[in-house]
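For reference, the structure discussed in these notes is given below.
The first residue in the sequence is number 1, and the count goes up from there. All ligand and atom numbering here is 1-based and tracks the order in the structure.
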Amino acid sequence: MREITIGGAQLGAIQKTDSRASVVQRMLVLLEQARQQGCELVVFPELALTTFFPRWFMPDQAEVDTWFEAEMPSEATRPLFDFSREHGIAISFGYAELTPEGQHFNTSIITDRQGNIVGKYRKVHLPGHVEFDTARDFQHLEKRYFLPGDLGFPTWESQGAVMGMCICNDRRWPETYRVMGLQGVELITLGYNTPSINSQKRGEGEEHRLFHSELCMQAGAYQNATWVVGVAKAGVEDGFPLMGGSVIVDPNGFVVARAQGQGDELIVHACDMDLCNFGKTTIFDFARHRRIEHYGIITRQTGVQRP
Ligand code: ING
């Protein structure tokens, strides 16, 4: 049995005026709860340090850059890495990354239990749009503020397991899970900031979105025999609602832990990485069952070409 006790640390709303220091304090409270419950890894949401700023149209790049971190650990986030090292708890969280070359990514990192960064991922699937869209009830400007990730979907060995990360919209694309599945991934951690309502489809409410969010993560887990931990930033940010629904999904696709509220909330589960073995050696033994001679269109073609 290769058990890792994992915490999903859902964050409630972060207002535009909330400081990074105030958010880090909330994250430390969740980390202390996680320590008391024996967690060895704690997963935080996408863009965990700030409000979901891609909802705001900002023509001034200097203002946009105020939402980004030029170094990690940064002064504001160092207490998180200190806690990780002092208490032997690995952490993962998302943030807006500004590279020394001046590139902007929607990024997440994961550490080992000594607070050392062992993995970095940059969001590949960016939803939304580039220019102000008057047809939308609110903006979703990730394609304006971020470059598509340039690291692919890497995996790494840590805490005795093969781990990988993705971010938010990535969870809706089966390719995300399969690329990591082909690397033997046993644990995928992801954070998300998902608006509770569809800015382009008034009737689509939170129930609908929660269903799709879980559907994607359950399918990805089952079809690749991997654990999936999906953690929300939830609550109402400056009047804009984000949905909760943080979950831990086992390698058979079953939800084994689910957040109930819209605020700061920790969910915990002892995840046995050996539960991945049966699926990987039977129904999803890729080497025995996949027929890649028929899959070429998936990488040859981006959009739909009707027959
Ligand atoms: N947010 C949303 C997400 O993929 C979205 C955007 C919501 C796209 C619902 C499509 C449908 O969960 C981010 N940040 O990607």
Side-chain angles (χ1 to χ4, degrees), residues 8 10-14 16 23 43-58 64 67-68 92-97 104-108 121-133 135-149 153 165-177 188-221 228-247 249 255 258-259 262 303:
Q10 175 175 293
L11 285 172
I14 300 176
K16 203 174 178 182
V23 176
V43 182
F44 289 101
E46 171 189 28
L47 296 176
L49 305 175
T50 67
T51 195
F52 185 69
F53 63 86
R55 69 166 66 89
W56 302 109
F57 182 76
M58 294 174 275
V64 174
W67 298 106
F68 284 75
S92 175
F93 63 87
Y95 65 96
E97 177 192 11
H104 299 73
F105 295 105
N106 187 340
T107 296
S108 65
Y121 170 74
R122 290 168 172 163
K123 186 174 183 179
V124 166
H125 298 98
L126 297 170
H129 46 105
V130 176
E131 299 305 334
F132 189 90
D133 183 346
R136 288 174 181 249
D137 292 342
F138 50 87
Q139 304 302 300
H140 196 119
L141 293 156
E142 291 195 59
K143 290 187 192 294
R144 181 183 184 88
Y145 298 138
F146 301 117
L147 286 174
F153 298 99
M165 282 187 282
C166 65
I167 298 176
C168 203
N169 195 255
D170 289 321
R171 75 189 187 284
R172 301 180 190 279
W173 301 92
E175 295 89 341
T176 299
Y177 303 92
I188 296 175
T189 62
L190 67 97
Y192 60 87
N193 289 207
T194 300
S196 302
I197 50 181
N198 188 326
S199 63
Q200 298 172 289
K201 191 177 173 190
R202 296 248 165 79
E204 185 182 300
E206 187 164 74
E207 276 310 301
H208 198 125
R209 298 210 132 179
L210 283 167
F211 169 74
H212 282 155
S213 181
E214 276 194 28
L215 176 68
C216 296
M217 291 190 277
Q218 288 180 282
V228 172
V229 179
V231 181
K233 167 112 79 51
V236 180
E237 295 191 332
D238 298 290
F240 297 93
L242 295 172
M243 69 177 213
S246 304
V247 288
V249 186
V255 174
R258 183 185 284 110
Q262 303 289 314

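Residue K123 holds the heavy atom nearest to atom 15 (O) of ligand 1 of all those in K123, M243, R172, H125. When the heavy-atom distances from atom 1 (N) of ligand 1 to N169, N106, N193 are ranked, the shortest goes to N193.
A ring pair (Phe, Tyr, Trp, His ring centres under 6.0 Å) with W67 holds for exactly one of Y145, F53, W56; it is F53.
Note on ring orientation: taking the six-membered ring where Trp is involved, the planes of F93 and Y95 are tilted (angle from 30° to 60°). Using cut-offs of 30° and 60° for the angle between ring planes, the F57 and F132 rings count as perpendicular. A parallel orientation is assigned to the rings of H125 and W173, their planes being inclined by less than 30° (bins at 30° and 60°). Taking the six-membered ring where the residue is Trp, F138 and F240 present perpendicular rings, their angle passing 60° and hence far from 30°.
In summary, the atoms of ligand 1 found under 4.0 Å from a heavy atom of E46, numbered by their order in the structure, are 14 (N).
At least one heavy atom of R171 sits closer than 4.0 Å to an atom of ligand 1. Under the 4.0 angstrom criterion for non-hydrogen atoms, H212 is not in contact with ligand 1.
Among all protein heavy atoms, the one lying closest to atom 6 (C) of ligand 1 is H140 CE1, 3.7 Å. Nearest protein neighbour of atom 14 (N) of ligand 1, counting heavy atoms only, is E142 OE2, 2.8 Å. In terms of protein heavy-atom proximity, atom 12 (O) of ligand 1 is closest to T194 OG1, 2.6 Å. The shortest contact between atom 13 (C) of ligand 1 and any protein heavy atom is with C168 SG, 2.8 Å.
For ligand 1, the polar-atom distance check finds no N/O of R209 at less than 3.5 Å from any of the ligand's N/O atoms.
Separating the CD atom in E46 from the CG atom in D170 is a distance of 9.0 Å, to the nearest 0.5 Å.
The aromatic ring centroids of F52 and Y192 lie 6.0 Å or more from each other.
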